[in-house]
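What follows is a set of notes on a single structure, which appears directly below.
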Number of protein chains: 2
Amino acid sequence: METESDQVDKYGIPIIPAAVNVSQQKRESIIDAAVTEFLREGYTAASVDAIATRAGVSKPTIYKHFGSKERLFLAVIGGILPATYADLEPCNSTIADAPDLRAALVSLTGDWARLLLREDIMTLRRLVIGEIDRFPQLGNLWYQVTYDMNNRPLVEAFTILHERGALNVPDAALAVQQLVAITVGVLQLVRTFQPSAAISDAELGRTIASGVDTFLARYAM
Amino acid sequence: METESDQVDKYGIPIIPAAVNVSQQKRESIIDAAVTEFLREGYTAASVDAIATRAGVSKPTIYKHFGSKERLFLAVIGGILPATYADLEPCNSTIADAPDLRAALVSLTGDWARLLLREDIMTLRRLVIGEIDRFPQLGNLWYQVTYDMNNRPLVEAFTILHERGALNVPDAALAVQQLVAITVGVLQLVRTFQPSAAISDAELGRTIASGVDTFLARYAM
DNA sequence: GTCTATATCAGGATAGAC
DNA sequence: GTCTATCCTGATATAGAC
């Protein structure tokens, strides 16, 4: 099974030592091919053969680089999770100092929703959820990444607004959970089970705005 | 592949003709064994061999009854979904006539949460989500079942309360989505990615109550 | 109707040449 | 470091005896 060293990072994702120059290209093409195959087929149904063919390398090359199918899967999925969610972070900075809080929250959660409802991200999300019993590390990583990149900055902003008297949120962490659930979560639930159900931009805007209004009905001063 | 007739119901779930007396017992034991194996391993990794062994029958018996692994999976999962969610329905009837609406909503969403967070139901949910790209019928079925058994009765109750002037919900369907998301959804999100993270009954009650309060802050008259 | 036994094929992983 | 060729196991599905 695992003949390579089992070095893992703090999330339990294996650390694959970086290779040099020439083989680095092959490594990248393996990763690209693996992402495609895993997203399309799932972990078990995806075959290392197909990944090798798609990447234009042979199977032993994959095993030299990643050691096993499990390690390849963890390295690949663990690699794209933070990269995917990094796109969410820039939106956060302006909340605490926004002149119009409602408009800022609508804009922020709307941006999140449009990104998180993208088909490739929904597919990745379904894959991770489906493999969580096999790879609990991915669940922890997902939770940590989404919390660090989304919830945490909002919690800090709400805490500031609470001290400033602009919001009344004694429990900022719970309030953020509620805001995310009532805006993005409502839409995500539909798309999770019905991938082909298109959501018009008008409906998205309407749902997001109504969610923010419900949130502010409780927490605005 | 599919040598049997492809009769399906309105959800796209194959209709497996009922067998008689003797073999009916074998069929049931196959279904039980299949549920266990599919929930434990997922669709692809579960083997018909293992199901046959667990059920105490031979492989050809399974193929005589269900035709293929895909049809077995759809029949089994499509069968337990409605049965699982049927437990949610009885809670609904009292909302429209409850003397204390807040208490009734807290009780209702609390009951839903305690049921839906059960480990076996969460596992089933993860399985369905992970296999949705392969079996879109299950997504439609899931959505339909949860809507019929949960959302629809609540929408009807809210409509009555709106006409009676006890609530102000111009868009009852959206309001129900928000209520579910802000109570059950908040907890489900955590448990989806962290199966082992236990949620104390106190924390569950606190989260549910706060969700209902946020909901009522917007919609109560 | 149900079994034993088997056909057929693809999976992950590796030995050894270059 | 990378490939060709291969090992071994386990998969779905079926033929034919009882």
Side-chain angles (χ1 to χ4, degrees), chain A residues 1-6 14 16-34 36-38 40-77 131 134-135, chain B residues 1-6 14 16-34 36-38 40-77 131 134-135:
Chain A
M1 277 286 221
E2 303 259 339
T3 61
E4 298 206 355
S5 73
D6 274 10
I16 309 293
V20 275
N21 48 47
V22 183
S23 64
Q24 183 66 22
Q25 295 177 1
K26 302 215 169 191
R27 170 188 298 255
E28 307 255 326
S29 70
I30 292 170
I31 291 177
D32 288 347
T36 304
E37 288 293 327
F38 282 135
R40 181 173 303 178
E41 303 288 340
Y43 171 74
T44 305
S47 82
V48 180
D49 263 329
I51 295 171
T53 301
R54 180 179 290 273
V57 303
S58 69
K59 260 194 296 186
T61 303
I62 294 181
Y63 280 91
K64 284 291 180 194
H65 275 278
F66 296 94
S68 73
K69 187 185 181 185
E70 289 190 7
R71 285 167 57 84
L72 172 63
F73 182 75
L74 283 172
V76 161
I77 303 300
E131 298 296 344
R134 204 186 311 266
F135 299 103
Chain B
M1 275 286 222
E2 301 259 342
T3 61
E4 297 207 356
S5 72
D6 273 12
I16 309 293
V20 276
N21 49 47
V22 184
S23 65
Q24 184 65 24
Q25 295 178 0
K26 301 213 170 194
R27 170 187 298 257
E28 307 255 326
S29 70
I30 291 170
I31 291 176
D32 287 347
T36 303
E37 288 293 326
F38 282 136
R40 182 173 301 179
E41 302 288 339
Y43 171 73
T44 306
S47 82
V48 179
D49 262 329
I51 295 171
T53 301
R54 180 179 291 273
V57 303
S58 69
K59 263 191 296 188
T61 303
I62 294 181
Y63 281 92
K64 285 289 182 197
H65 275 277
F66 296 94
S68 73
K69 188 185 179 184
E70 288 191 8
R71 286 168 56 85
L72 173 62
F73 182 75
L74 283 173
V76 162
I77 303 298
E131 299 295 344
R134 204 185 311 264
F135 300 104

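Proteins get letters first, then strands, A, B, ... in listed order; numbering begins at 1 in each.
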### Query
Of all residues at least two apart in sequence or in a different chain, which pass the side-chain hydrogen bond (donor to acceptor under 3.5 Å, both in side chains) check with B:Arg40?
none
### Listed partners of A:Ser58 passing side-chain hydrogen bond (donor to acceptor under 3.5 Å, both in side chains), at least two apart
A:Thr61
### Task
Give a yes/no answer on whether the side chain of B:Ser47 brings an N or O atom under 4.0 Å of OP1 or OP2 in D:dA11.
yes
### Task
Establish, with yes or no, whether the OP1 or OP2 oxygen of D:dG1 is under 4.0 angstrom from a side-chain nitrogen or oxygen of A:His65.
no
### Task
Could you check whether A:Asp49 gets within reach of a base, just the sugar-phosphate, or nothing at all, counting any heavy atom under 4.0 Å?
sugar-phosphate
### Query
Hey, does B:Ala46 reach any base, or is it just sugar-phosphate, or nothing, if we go heavy atoms under 4.0 Å?
sugar-phosphate
### Query
B:Lys69 side chain: which of C:dT14, D:dT12, C:dT2 is closest?
D:dT12
### Nucleotide of C:dA13, D:dA13, D:dC3 approaching A:Lys26 most closely (side-chain heavy atoms)
D:dC3
### Query
Axis-to-axis angle across the helix from C:dG1-D:dC18 to C:dC18-D:dG1, five pairs an end, to 10 degrees?
0°
### Query
Of the residues in residues 55-62 of chain A, which ones touch DNA chain D at a heavy-atom distance under 4.0 Å?
A:Val57, A:Ser58, A:Pro60, A:Thr61
Distance-only check: which donor-acceptor pairs under 3.5 Å involve side-chain atoms of residues 41-52 of chain A, not counting sequence neighbours?
from	atom 1	to	atom 2	distance (Å)
A:Thr44	OG1	A:Arg134	NH2	3.3
A:Ser47	OG	A:Ala50	N	2.9
A:Asp49	OD1	A:Lys59	NZ	3.3

### Validation row: A:Ile30, A:Leu72 side chains within 4.5 angstrom (heavy atoms)
yes
